There are 2 protein chains.
Amino acid sequence: MYTRTLFIDGQEDYPLTNRKEVARLAGVSEATVSRVLNGIGPMKDSTKKRVLDAAKQLNYELNAVASSFARGRSGNLGVVMPHVPKVHLFSTYYFSELLSGIGEAVRSKGYGLLLLFRDPAAEFDYVSLYRTQRVDACLILGASAIDSEIAGIHRLAEASLPFCVMDQRFEHSGLSIVAADHEQGSYDAVRHLIDGGCTRIGFLNGSPQYSNSQDRHEGYLRALAEAGIEPDESIFYEGNYSRTSGRRAAEAVYRDLGRLDAIFVGNDRMAIGLMQALREKGCRLPDDLKIVAYDDSDAASFTEPPLTTVKVPFYDMGRLAADKLLARLTDKDQTDGVINEKLQTELKIRKSSGN
Amino acid sequence: MYTRTLFIDGQEDYPLTNRKEVARLAGVSEATVSRVLNGIGPMKDSTKKRVLDAAKQLNYELNAVASSFARGRSGNLGVVMPHVPKVHLFSTYYFSELLSGIGEAVRSKGYGLLLLFRDPAAEFDYVSLYRTQRVDACLILGASAIDSEIAGIHRLAEASLPFCVMDQRFEHSGLSIVAADHEQGSYDAVRHLIDGGCTRIGFLNGSPQYSNSQDRHEGYLRALAEAGIEPDESIFYEGNYSRTSGRRAAEAVYRDLGRLDAIFVGNDRMAIGLMQALREKGCRLPDDLKIVAYDDSDAASFTEPPLTTVKVPFYDMGRLAADKLLARLTDKDQTDGVINEKLQTELKIRKSSGN
DNA sequence: TTGTAGGCGTTATCAG
DNA sequence: CTGATAACGCCTACAA
């Protein structure tokens, strides 16, 4: 018989012990070892100590895979990402903050974080992930309202599988969602412009298929309505959240400059593209046009002029969603509840809005 | 007997089949099912077809956890991240590109990608990850030369565990590394300034404990030496790769402006901070000072002026490292080889260097 | 409070 | 070419 070792040719002897050997050394049964290590059921202090000592002496560590297998759960939280190269909608700032928050929650609960990349071409088979026991639950980032995506997500819901969509709203409710309040965030942004004396406020929105875009539109309209300003569709512009689309929009915005005091832009990237292009045309910002954007990404503070923008608590969002989702996995009574959280945004005032 | 189902209360019946049921339906043994599904050994076409049909009919999917357990391998590649909130050295651009590359490689080989966050306080116990069978191999991102980190990495090496460090050089060789050629990248950057007629070229470097910083220093010196320019230590500046440190350096740089034609900066973030501060002091860029930076992050193209900078192929780096590492896991004969790859950078010329 | 033993789904070895 | 069957390490009723 040979001793299994982890090290291929290490100096130290570092054998891979298992529960059986711990039990043997401690002079108890394997079941007792498990109970001690998992803190289940009553046990004598003396046996507990013997087991713990034996485990330490043998340098025992639980085989996570075997444990998962026996429990029938992988112990992993799946995090589904949109295809990342050539990022469009999502700034990388978004990802790193969100992932940090999720990572924190996952680590504190002893779960693993399995990163999954959605293939933009193929329809993503979420259900299969669960069936193969790769994940116990999923967090879905960057979901859009594309048909195939909606279908995939709804299949998850129909199966009553534990999952949560990040920062996206869906018509059919009953889906678990953690999001930021973009309606209110947008309201605050536009309100800030109104308070600064602007009345002719344009709106450069992102792709309409995202619920975020609709939310921003509504917040924008509410602020105008409250101030008694009639919305003017001729100063609505549409981009796709990319910097390039912001540049493109600059054509129309520049043409309409005479009818604009300010413009509210759906994200920082578009705002950056817009400002670039406008300045190339000779505009002075914010004198010729005041701008408020959205996200408070890293870049927002070093554009010229620095961007007034709506900060979104991505880190907290990730952490909260993961916490809630993992809690559902543990607490039996929460199993059926739908997660529905809305986080508040915060307006960061800088020079681009004329302050 | 009850039928295990994945769905908690789904309409559809979606039973979790196992190999045994497939075997029964196909009228073969379980072993044969495995062989067909794993494509191992010779088999009659007719049995193969029967098995495949049965599997499809039952909607069979392999239980990944059970498979891992039986194989004694998790099927996961661990990716160790530095603590991300309040990013310092690494731009988020770096992460998303790197992760995309890794994700692509991992997916194409049928592995999972387990994301792990290094706790900045505690010493990270890499070895434990392998012992608990959570990962079969590790990719280490953002390693610095801090003692506890070096120690952890060396313990991995001593244990002959499969791992690879990304974009960092270590003194003690024998470690597997995939990196970019920052010496050459820096040489190219400085050479570009020299070709543009600059002779008095300052250098704002990042924290010296990173091998990247040393590499850049060497490339800088080589370019000067080749042009017969004597290095002048009085125009060496040091930051820590943060934007703030770039701003701080601006004090000294501004003071020395009379002795500077240009400056080479260790990354985009510092360059952005430097430019901000210099412009606030009334400098005209690039007329008063030419600048070349490093990374080609997203922001580089929309600073004012846009940054000439050294582009690093992060996506390729991630993909290559993961490919190599996973190959080592499969091919028996490669097991002992050390991975050592160096990727080329590319100078992106924009306005900040006076072109 | 502790031990016994069956089971989890797959792999892989060995006969046939 | 195919079928039995012993691992794999752990969990958890159930028994004592």
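Reminder, nothing fancy here: chain letters follow the sequence lines and each chain counts from 1. Everything numeric here is computed off the predicted structure, so don't read it as measured data.
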What integer distance in Å separates [X]:[atom1] from [N]:[atom2]?
{"X": "B/N63", "N": "C/dC8", "atom1": "CG", "atom2": "P", "answer": "12 Å"}
{"X": "B/E21", "N": "C/dC8", "atom1": "CD", "atom2": "C1'", "answer": "14 Å"}
{"X": "B/Q133", "N": "D/dG9", "atom1": "CD", "atom2": "P", "answer": "8 Å"}
{"X": "B/R73", "N": "C/dT10", "atom1": "CZ", "atom2": "C1'", "answer": "13 Å"}

TODO: Decide, yes or no, whether a salt bridge links A/D45 with A/K49 under the criterion of side-chain N to carboxylate O below 4.0 Å.
DONE: no
Using a cutoff of under 3.5 Å, can you pull out all pairs of nitrogen or oxygen atoms linking the protein to nucleotides 2-5 of chain C, with atom names and distances?
residue	atom	partner	partner atom	Å
C/dT2	OP1	A/T47	OG1	2.8
C/dT2	OP2	A/K44	N	3.0
C/dT2	OP2	A/T47	OG1	3.0
C/dG3	OP2	A/S29	N	3.0
C/dG3	OP2	A/S29	OG	3.1
C/dG3	OP2	A/T32	OG1	2.5
C/dG3	N7	A/R35	NH2	2.7
C/dG3	O6	A/R35	NH1	3.0

Would you please confirm or rule out a distance under 4.0 Å between OP1 or OP2 of [N] and any side-chain N or O of [X]?
{"X": "A/Y60", "N": "D/dG9", "answer": "no"}
{"X": "A/N38", "N": "D/dC11", "answer": "yes"}
{"X": "B/N18", "N": "C/dG9", "answer": "yes"}

Open item on the list: Reading DNA chain C from 5' onward, which residue's closest nucleotide shows up sooner: B/R71 or A/F69?
Closed with: A/F69
Task: Selection residues 61-80 of chain B - residue pairs positive for ring pair (Phe, Tyr, Trp, His ring centres under 6.0 Å), sequence neighbours left out - done: A/F69-B/F69
- [ ] Mind checking B/S67 for me? I need base, sugar-phosphate or nothing, with any heavy atom below 4.0 Å counting as a touch.
- [x] sugar-phosphate
Any residue meeting side-chain hydrogen bond (donor to acceptor under 3.5 Å, both in side chains) with [X], in chain and number order, not counting sequence neighbours:
{"X": "B/S128", "result": "A/E61"}
{"X": "A/S68", "result": "none"}
{"X": "B/S29", "result": "B/T32"}

Open item on the list: Run the salt bridge (Lys or Arg N to Asp or Glu O under 4.0 Å) test against B/R319 and tell me which residues pass, sequence neighbours left out.
Closed with: B/D323
- [ ] Please tell me which of the listed nucleotides, D/dC11, C/dT10, D/dG9, lies nearest to the side chain of B/L62?
- [x] C/dT10
